Participant: 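Before anything else, here's the structure in question.
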Amino acid sequence: MSDEIKNKVTDTDGEGSDLVTLNHMYKEYFLDYASYVILERAVPDIDDGLKPVQRRILHAMKEMDDGRYHKVANIIGQTMQYHPHGDAAIGDALVNLGQKDLLIDCQGNWGDVRTGDSAAAPRYIEARLTKFALEVLFNPQTTEWQLSYDGRKKEPVSLPVKFPLVLSQGVEGIAVGLSTKILPHNFIELIKASIKILEGKKVKIYPDFQTGGMIDISEYNDGKRGGRVKVRAKIKIVDKSNISIVDLPFGVTTNTMIESILKANDKGQIKIKKVIDNTAKNVEILLELMPGVSPDVTMDALYAFTDCEVSYSPNACVIVDNKPLFLDVLEILEVSTMQTKELLRRELEIRKAELEEKWHLASLEKIFIENRIYRDIEECETWDDVIKTIDTGLKKYVATPSDPLSTGDTRLMLMRDITEEDIVKLTEIKIKRISKFNSFKADELMAGLLSELEQVKHHLAHLTEYAIAYFENLLTKYGKGKERRTEITNFVSIEIKEVVANNAKLYVDRKEGFIGMGMKKDEFVCDCSDIADIIAFTKDGKFKVVKVADKVFVGKDIIHVDVWLKSDDRTTYNMIYLDGVSGKAMAKRFNVTAITRDKEYDLTMGTKGSKVLYFTVNPNGESEIVNIQLSPGSSAKKKIFDFDFAELAIKGRGSQGNLVTKYPVKKVTQVSVGKSSLGAMKIWLDEVSGKLNQDERGKYLGAFDTGCKLVTLYKDGAYEINDLDLTKKFDVNNIVEIGKFEEDTIVNVIYHEGEKGWSMVKRFKIETSTQDQKFSYLPETPGTKLYYATILKNPVVQYLYKFGGQNVEKTLELASFIEVKGWKALGNKLFEGKLTKVSFVSADSEIIPSETETTEDEIVIKTEPTVKPDTQVKQASLFDPEPPSEEDKNKKDRLSTGDTIEFDV
């Protein structure tokens, strides 16, 4: 321990002590260390957006730059002259810079940010600065310099960067007591935003990642502390048993992605049969699903339980005036933009001074030679005489600010006074140059200098426009190939309990009152997940919701147990119970939408001896009629009667219920189940997520009651019948139309038959009863195309075709043109050739289609019978058209008279 430290420490009496207090150590050493890490290691400077190691790497590469590649090992060695740390830290920082594909031109194996593969050894890979880096990072004349750590070299305090580099590359660093995380943004969008700032407009910028994927920026909050973004992988459904991950979230590699998928699979949260990594030029992780597993539910489960969705909390901390400061990305962008403008001003001022100096010297040289002033010094005996003679000779022909022009003066006006240094430079002109002096070329040179000088002065006078032109030039030269890769969207919130795979089985011991996953010898209830909530009702009229476990006690004599979903306002419980004190039978209907877990709730009046006489669970609020049999010994005149639950309103679980009878009840039996008391559910299809919902998002499909089904028409000429399932996700890009299925639903179709080359019309009722299976209603001949399909009643369409080199437009009422036939029938011929356009006009339907139309270039082509995946189709039945004209109505009348059509040309 040094004497200096000892002298600084005193005890309570003021005398010296041999102990160093922790307070002193924290005050002196810890703060010094924290400041060093913040300023010199982890946090970037706002001036150039670089950490010290990055700045020193780029400076070393600039010093080495000769246009050719250099070994990375050599670059690391050169950087160590400026960076007082090991070669490993420099190498890692250099590889990190190179992988961002902006400032460093890499050659060799530099690793892959998508797979997590590391770069080859520094002796095997090479690098050089990109043209972009050379243009925007360096200018010795505007750079502030300082001595390196050992005093042998000079290094930049910060590079004169004329671009928002820290926002483009992003940065992450952990210091002592604080951290920084700035997400990377799009190159093109940053330049355009800088231009808007210079124009005085408001801007918004959002992160963009090399790995692509999707991002939800609803909580980004301009990158401030407390903000958050969610990033997702792009997942495509290949077929009913395979899905493919084609884009990764930021910061996730294929290896970590596969590990997270396998981990979720081991926990039973998803059900995957096989994972295949096909990543090469593009990312592709193929997931083969277990038989019977829905690809849609699996996709949501991947977002919920794996690295297919990750979230980041930005924390934009930068060094400003040697102090860490928390800003948002817009403030950083504005500072960077204004700094770029200031650097451009300084460069113009420097250039202006250079041009003025060149013109000044060229003017003196021209006068010195043309007027042969050099001859006047032949007889001078001293150097002072030479200087004085030349100065006197020049003043005959030039004027200076200290010797201005007078009226009628024809001397040349210089931009500054003549100095001794100027005269010395004139004496150094060689005789050879004097003898070959060309006055015309000298005038051309001076005129060119003056022209450029005027241009520089103009730029200085219009600095904002010059800065805008600078950014536009960057965009033109370097913007190609830097388009946005990450799709900005709003993520639909995924309820984990709705998508988690049923990885456990629920059992019940009704008599003893136990439920759980580990009771395999007891009664099986249902499949569930290991994070599910379970609701259990007992004979004494009580219920409880508990977290599923291996074995949980909920109460003896269990009458019903099932998985409970929060906020389920449609599942309705119908119950008749006996009050233990009065002996009255009471009936009630209730929902259980919110509870406190593990708390016991009483559904009766709470009296001793109360018990449940009848209990049913109705998923869609169905009512029912039950038969009540009273005890034979009761004094009631009518001992058997029916009771209709539809007469009861659905109330809260705490209601006492309505009186059924005051006499003893012997037996309650169900007579019939009625319709839903809650009414039909109004269902919409979210055309972005493909999910059904009741939140009025997307296209309205109709009101669905108990037993109602959905019919879906696909672009490949197939239909499918499904039960209403709010958890199912539809591929909206491959759907022509979706709606409510009725027994009298008629499918109206216009298509091109590939074998004969005719355009055909058919109408049919759905005759198949199998659900969740596609049935193709078009011939499987090569070249068959679907033009139009709808389940709307009595649709009227306009169609266009070419005849005799001219476009012919007709209106067709499909119901008048052809009667309903079998679903496998070819239909009736509409035209012996192809149609170029089919558009919706009107229909007898309450559900109005959205505004789209089908054209020849956008029609699905069905071939053998596979559909080309890259073909885009706009459904003709989904748009609000203009009403048909009188001429169209006349055409419609003519078309509705038979199965054959004569075309007017």
Side-chain angles (χ1 to χ4, degrees), residues 38-39 41-51 54-55 100 102 136 158-159 161-210 213-231 249-251 310-343 464 467-468 471 474 482 484-491:
I38 292 171
L39 298 176
R41 298 289 292 274
V43 183
D45 195 299
I46 195 170
D47 289 336
D48 57 9
L50 297 168
K51 296 180 182 180
Q54 296 172 328
R55 185 181 305 115
K100 291 177 179 178
L102 182 64
V136 304
S158 65
L159 293 175
V161 178
K162 301 185 290 293
F163 178 77
L165 189 62
V166 69
L167 297 178
S168 177
Q169 294 196 131
V171 68
E172 183 174 3
I174 301 175
V176 180
L178 61 82
S179 65
T180 183
K181 189 174 190 68
I182 301 174
L183 299 177
H185 294 69
N186 181 259
F187 180 92
I188 297 174
E189 292 173 7
L190 286 174
I191 292 179
K192 290 182 177 179
S194 292
I195 293 173
K196 286 185 178 180
I197 288 175
L198 291 170
E199 293 173 344
K201 299 177 181 178
K202 292 184 178 180
V203 298
K204 282 286 184 181
I205 55 173
Y206 301 110
D208 183 33
F209 309 117
Q210 282 181 293
M214 302 180 292
I215 184 172
D216 185 342
I217 46 82
S218 57
E219 300 178 47
Y220 184 48
N221 197 25
D222 294 331
K224 294 179 183 177
R225 283 190 295 178
R228 186 178 69 148
V229 295
K230 295 179 182 177
V231 188
F250 173 65
V310 293
S311 63
Y312 292 100
S313 298
N315 185 29
C317 180
V318 291
I319 300 300
V320 180
D321 296 330
N322 286 324
K323 293 179 182 179
L325 193 64
F326 292 94
L327 305 174
D328 62 48
V329 293
L330 296 182
E331 291 172 326
I332 294 174
L333 179 62
E334 185 171 359
V335 169
S336 173
T337 303
M338 293 301 111
Q339 177 181 281
T340 298
K341 182 178 176 181
E342 173 60 20
L343 287 171
T464 299
I468 291 173
F471 280 116
L474 287 184
K482 291 182 170 61
R484 170 168 283 278
R485 300 181 183 180
T486 304
E487 178 185 348
I488 297 176
T489 184
N490 289 325
F491 296 159

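Just so it is clear, the structure is predicted and the values come from calculations on it, not from any experiment. Note that these values count all heavy atoms, side chains included, but never hydrogens, waters or copies made by symmetry.
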Participant: From Asp45 CG over to Asp321 CG, what is the distance, rounded to the nearest 0.5 angstrom?
Facilitator: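 Rounded to the nearest 0.5 Å, the CG-CG separation comes out at 9.0 Å.
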
Participant: Could you walk me through whether Ile205 and Leu190 pass side-chain contact (heavy atoms from CB on, under 4.5 Å), step by step?
Facilitator: CA-CA 7 Å; Ile205 55 173; Leu190 286 174; 3.9 Å; yes

Participant: To check you understand the geometry: which heavy-atom pair defines the closest contact between Leu50 and Gln169, and what is its length?
Facilitator: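 Smallest heavy-atom distance, with atoms named: CD2-NE2, 4.4 Å.
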
Participant: Could you check if a side-chain atom of Gln339 sits within less than 4.5 angstrom of a side-chain atom of Asp48, using non-hydrogen atoms only?
Facilitator: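 They are not in contact (no side-chain heavy atoms under 4.5 Å apart), so the answer is no.
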
Participant: What is the minimum heavy-atom distance between Phe209 and Thr486, and which atoms define it?
Facilitator: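 Phe209 and Thr486 have their closest heavy atoms at N-OG1, 2.9 Å.
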
Participant: Heavy atoms, side chains only, cut-off 4.5 Å: are Met214 and Asp216 in contact?
Facilitator: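 No, too far: nothing below the 4.5 Å cut-off.
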
Participant: Which heavy atom of Val166 sits nearest a heavy atom of Gly49, and at what distance?
Facilitator: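 Closest heavy-atom pair between Val166 and Gly49: CB-CA, 3.5 Å.
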
Participant: For Glu331, give me all partners under side chain to side chain donor-acceptor pair (under 3.5 Å), at least two apart in sequence or on another chain.
Facilitator: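 In terms of side chain to side chain donor-acceptor pair (under 3.5 Å), with neighbours along the sequence ignored, Glu331 is linked to no residue.
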
Participant: If I compare all heavy atoms of Val203 with all of Ala193, which pair ends up nearest, and what's the gap?
Facilitator: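 That would be CG1-O, 3.5 Å.
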
Participant: Which atom pair, heavy atoms only, marks the closest approach of Thr180 to Ala42?
Facilitator: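 So the minimum-distance heavy-atom pair works out to CG2-O, 3.9 Å.
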
Participant: What is the distance from atom NZ of Lys100 to atom CG of Leu165, rounded to the nearest 0.5 Å?
Facilitator: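 Reported to 0.5 Å precision, the distance equals 8.5 Å.
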
Participant: One pair to check against side-chain contact (heavy atoms from CB on, under 4.5 Å): Val229 and Phe250. What are the steps and the verdict?
Facilitator: CA-CA 11 Å; Val229 295; Phe250 173 65; over 6 Å; no

Participant: To the nearest 0.5 Å, how far apart are OG1 in Thr337 and CD1 in Ile197?
Facilitator: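 Separation between the atoms: 4.0 Å.
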
Participant: If you define the side chain from C-beta out and look only at heavy atoms, does anything of Arg485 sit under 4.5 Å from Asp208?
Facilitator: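 Yes; the side chains approach each other to less than 4.5 Å.
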
Participant: With rounding to the nearest 0.5 Å, note down the distance linking CD in Glu334 to CG in Asp328.
Facilitator: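 Here the interatomic distance stands at 9.5 Å.
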
Participant: Side chains of Met338 and Leu198: does their closest heavy-atom pair fall under 4.5 Å?
Facilitator: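 Yes; the side chains approach each other to less than 4.5 Å.
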
Participant: Checking side-chain contact (heavy atoms from CB on, under 4.5 Å) against Arg55, which of Leu159, Val161, Asp47 comes through?
Facilitator: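 Among Leu159, Val161, Asp47, the one that satisfies the side-chain contact (heavy atoms from CB on, under 4.5 Å) with Arg55 is Leu159.
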
Participant: Could you check whether atom CG of Leu325 has more than 12 heavy atoms from other residues, nucleotides or ligands sitting under 6.0 Å from it?
Facilitator: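 Yes, CG of Leu325 has more than 12 neighbouring heavy atoms, counting only those of other groups under 6.0 Å.
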
Participant: In Å and rounded to the nearest 0.5 Å, what is the CZ to CG distance from Arg225 to Leu327?
Facilitator: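 One gets 10.5 Å once the value is rounded to the nearest 0.5 Å.
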
Participant: Got Ile319 and Pro324 here, is their nearest side-chain heavy-atom distance under 4.5 Å?
Facilitator: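 Yes. Closest side-chain heavy atoms under 4.5 Å.
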
Participant: Yes or no on side-chain contact (heavy atoms from CB on, under 4.5 Å) for Asp222 and Lys204, after CA distance, side-chain angles and deciding distance?
Facilitator: CA-CA 8 Å; Asp222 294 331; Lys204 282 286 184 181; 3.2 Å; yes

Participant: Apply the test side-chain contact (heavy atoms from CB on, under 4.5 Å) to residues Leu167 and Ser336: give CA-CA distance (whole Å), side-chain angles for both, the deciding distance (0.1 Å), then the verdict.
Facilitator: CA-CA 10 Å; Leu167 297 178; Ser336 173; over 6 Å; no

Participant: State, yes or no, whether a side-chain contact exists between Val318 and Val335 at a heavy-atom distance under 4.5 Å.
Facilitator: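 With C-beta onward as the side chain, the pair stays apart.
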
Participant: Around Lys482, counting heavy atoms of other residues, nucleotides and ligands shown, do more than 12 lie under 6.0 Å from its NZ?
Facilitator: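 Yes - once you tally the heavy atoms of other residues, nucleotides and ligands closer than 6.0 Å, there are more than 12.
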
Participant: Taking all heavy atoms of Lys51 and all of Arg41, pick out the closest pair and write down the distance.
Facilitator: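 Nearest pair, atom of Lys51 first, then Arg41: CD-O, 3.5 Å.
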
Participant: So, does Asn315 use its side chain to make a donor-acceptor pair with the main chain of Ser179 at under 3.5 Å?
Facilitator: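 Checking the backbone N and O of Ser179 against the side chain of Asn315, a donor-acceptor pair under 3.5 Å is found.
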
Participant: Judged by atom type as modelled, is there a donor-acceptor pair below 3.5 Å linking the side chain of Asn186 to the main-chain atoms of Glu189?
Facilitator: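 Looks like yes, one N/O pair under 3.5 Å.
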
Participant: Atom NZ of residue position Lys181 - does it have more than 12 heavy atoms of other residues, nucleotides or ligands inside 6.0 Å?
Facilitator: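 Yes, enclosed.
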
Participant: For Ser168 and Pro164, indicate whether the former's side chain and the latter's backbone hold a donor-acceptor pair under 3.5 Å.
Facilitator: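 Looks like no, no N/O pair under 3.5 Å.
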
Participant: Test Thr464 against Lys341 for side chain to side chain donor-acceptor pair (under 3.5 Å), laying out the working first.
Facilitator: CA-CA 7 Å; Thr464 299; Lys341 182 178 176 181; 2.9 Å; yes

Participant: Taking the six-membered ring for Trp, are His185 and Tyr220 parallel (under 30°), tilted (30 to 60°) or perpendicular (over 60°)?
Facilitator: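 The rings of His185 and Tyr220 sit tilted, inter-plane angle from 30° to 60°.
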
Participant: Can you check whether Pro207 reaches Ile215 side chain to side chain, under 4.5 Å on heavy atoms?
Facilitator: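 They are in contact (side-chain heavy atoms under 4.5 Å apart), so the answer is yes.
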
Participant: Let me confirm one number: the CG-CZ distance from Leu102 to Phe163, rounded to the nearest 0.5 Å.
Facilitator: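 Answer for the CG-CZ pair, Leu102 versus Phe163, is 6.0 Å.
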
Participant: Using a 4.5 Å cut-off on heavy atoms from C-beta on, say whether the side chain of Tyr206 contacts that of Leu183.
Facilitator: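 Side-chain contact under 4.5 Å: no.
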
